[in-house]
Amino acid sequence: LMAAPPRSKANKPDTTQPFKSAMGATVRAIAGKPELEVAFTADRPLLTADKARLANLPRLPTRRDISIARGQGDAMAMRLASHDPDTHRKRAPHDPEARAAFDALEQARVEALGCVRMAGMAGNIHEMLEDRLFRGNFASVSDKGDAPLAEVLGLLLRQKVAGVEIPPSGHAIVELWRKEIEDKAAGSLAELLTRFEDQDDFSKAARRLLRDLDLVPDSELDDESGD
């Protein structure tokens, strides 16, 4: 008996299509951009002014896969809704490590803002972060040099502003930095947490935090007094 030829994948209906359509509508609504093109791709997730590319879902997604996808969509939508690229560029520090931390804090700010305004978002953001940290092999990091401060600051900000708990794969890197952050920058971190509603205020406070962590020189803060 000859085996029947395998059915090509093309004939199989995409069972995730209703979810993808609903997800696209949600992202457009939160972003306030009815024209935004939302697509699922095998490439890296990517956001531009008019396109949101989310990681593709497996054919039979688990609840966790769906939460991760929702978290990616929520994060992108909140960036479009609440982030001004010009303000960000104007305040961005010069040093690459400082810039990475500044960028991570701003992304954490827009995600935390979404979690505060929309209760259902926190669980999705938490799953998305756990997925990213797990894929980055951060759970087993034991050396501070391998623990990115930018990622740690973002995790602390989301936790303290919006109650998004540190995901399991983030515990190790947060513990490696916690004492230094508390010793050098407890005050500026506490101030930063009160400024998350306003991007310009937040970016100034973020630079002061980075100065206290020895990432931004005082001279770069001097140009703010003229604002």
Side-chain angles (χ1 to χ4, degrees), residues 8-89 92 96 99-118 120-139 148 150-151 153-155 157-158 162 164 167 169-170 196 199 203:
S8 77
K9 274 191 177 156
N11 324 343
K12 287 193 178 163
D14 178 2
T15 53
T16 62
Q17 198 49 54
F19 169 75
K20 289 174 177 175
S21 302
M23 179 89 198
T26 303
V27 170
R28 283 188 283 272
I30 294 171
K33 287 191 179 283
E35 305 304 310
L36 183 72
E37 183 191 315
V38 181
F40 288 77
T41 169
D43 302 323
R44 283 188 61 204
L46 180 74
L47 179 67
T48 65
D50 53 1
K51 286 191 185 77
R53 295 269 176 274
L54 301 166
N56 218 349
L57 285 162
R59 217 171 57 77
L60 296 170
T62 62
R63 271 172 83 167
R64 184 158 179 265
D65 292 328
I66 284 174
S67 287
I68 292 165
R70 281 199 173 122
Q72 284 179 1
D74 290 344
M76 289 184 184
M78 282 307 300
R79 189 169 184 92
L80 289 170
S82 302
H83 170 77
D84 174 48
D86 293 333
T87 299
H88 192 69
R89 260 194 303 277
R99 175 66 194 252
F102 185 77
D103 291 349
L105 283 166
E106 171 58 12
Q107 184 57 34
R109 181 188 77 84
V110 297
E111 290 171 19
L113 200 54
C115 294
V116 168
R117 291 177 183 170
M118 289 164 270
M121 209 178 266
N124 299 334
I125 294 288
H126 182 271
E127 289 292 0
M128 173 201 70
L129 291 169
E130 168 57 25
D131 181 62
R132 188 175 80 212
L133 294 164
F134 178 78
R135 288 171 188 273
N137 290 320
F138 289 123
E151 195 74 73
L153 290 171
L155 292 172
L157 185 86
R158 291 180 193 87
V164 178
S169 295
F196 73 96
Q199 185 183 341
S203 60

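Since the structure is predicted, the reported quantities are computational estimates derived from the model, not experimental observations.
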Original post:
Under the side chain to side chain donor-acceptor pair (under 3.5 Å) test, which residues partner Arg79, sequence neighbours left out?
Top reply: His83, Gln107
Subject >> Contact check, side chains of Thr16 and Arg59, non-hydrogen atoms, under 4.5 Å >> reply: no
**OP:** Could you please spell out the steps behind the side-chain contact (heavy atoms from CB on, under 4.5 Å) verdict for Asn124 and Gln72?
**Re:** CA-CA 8 Å; Asn124 299 334; Gln72 284 179 1; over 6 Å; no
**OP:** Find out whether Met23 and Pro18 are in side-chain contact, i.e. whether some heavy atom of one side chain is under 4.5 Å from a heavy atom of the other.
**Re:** no
Subject >> Sequence neighbours excluded - salt bridge (Lys or Arg N to Asp or Glu O under 4.0 Å) pairs with any residue from residues 16-32 >> reply: Asp14-Lys20
Subject >> From CA spacing to verdict: side-chain contact (heavy atoms from CB on, under 4.5 Å), Phe196, Val116 >> reply: CA-CA 11 Å; Phe196 73 96; Val116 168; 4.2 Å; yes
Subject >> Distance, nearest 0.5 Å, that separates CG of Leu80 from OG1 of Thr48 >> reply: 8.5 Å
**OP:** Kindly write out the residues that satisfy side chain to side chain donor-acceptor pair (under 3.5 Å) with Arg109, not counting sequence neighbours, or none if the list is empty.
**Re:** Glu106
Original post:
How many angstroms lie between CG in Leu133 and CG in Leu129, if you round to the nearest 0.5 Å?
Top reply: 6.0 Å
**OP:** Answer yes or no: is there a side-chain heavy-atom contact under 4.5 Å between Met121 and Ile30?
**Re:** yes
Original post:
Roughly how far apart are Arg63 CZ and Arg70 CZ, rounded to 0.5 Å?
Top reply: 10.0 Å
**OP:** Please list, chain by chain and in numerical order, all residues satisfying side chain to side chain donor-acceptor pair (under 3.5 Å) with Asp84, sequence neighbours excluded.
**Re:** Thr87
Subject >> Distance-only polar pair, side chains of Ser67 and Asp65, donor-acceptor under 3.5 Å >> reply: no
Subject >> Shortest non-hydrogen separation from Cys115 to Val164 and the atoms involved >> reply: SG-CG2, 3.9 Å
**OP:** Using a 4.5 Å cut-off on heavy atoms from C-beta on, say whether the side chain of Phe138 contacts that of Arg132.
**Re:** no
Side-chain donor-acceptor pairs of residues 32-46 under 3.5 Å, sequence neighbours excluded:
from, atom 1, to, atom 2, distance (Å)
Glu37, OE2, Arg53, NH1, 3.4
Glu37, OE2, Arg53, NH2, 2.9
Thr41, OG1, Asp43, N, 2.9

Subject >> Side-chain heavy-atom pair Met78, Met118 within 4.5 angstrom cut-off >> reply: yes
**OP:** Evaluate the side-chain proximity of Pro167 to Leu155: yes if any heavy-atom separation is below 4.5 Å, no if none is.
**Re:** yes
Original post:
Does His126 reach the side chain of Arg158, with side-chain heavy atoms less than 4.5 Å apart?
Top reply: no
Subject >> Within-4.5 Å side-chain heavy-atom neighbours: Glu111 and Asp74 >> reply: no
Subject >> side chain to side chain donor-acceptor pair (under 3.5 Å) against Thr15, all qualifying residues, sequence neighbours excluded >> reply: none
**OP:** Flag the pair Asp131 and Arg135 as a salt bridge only when some basic side-chain nitrogen lies within less than 4.0 angstrom of an acidic carboxylate oxygen.
**Re:** yes
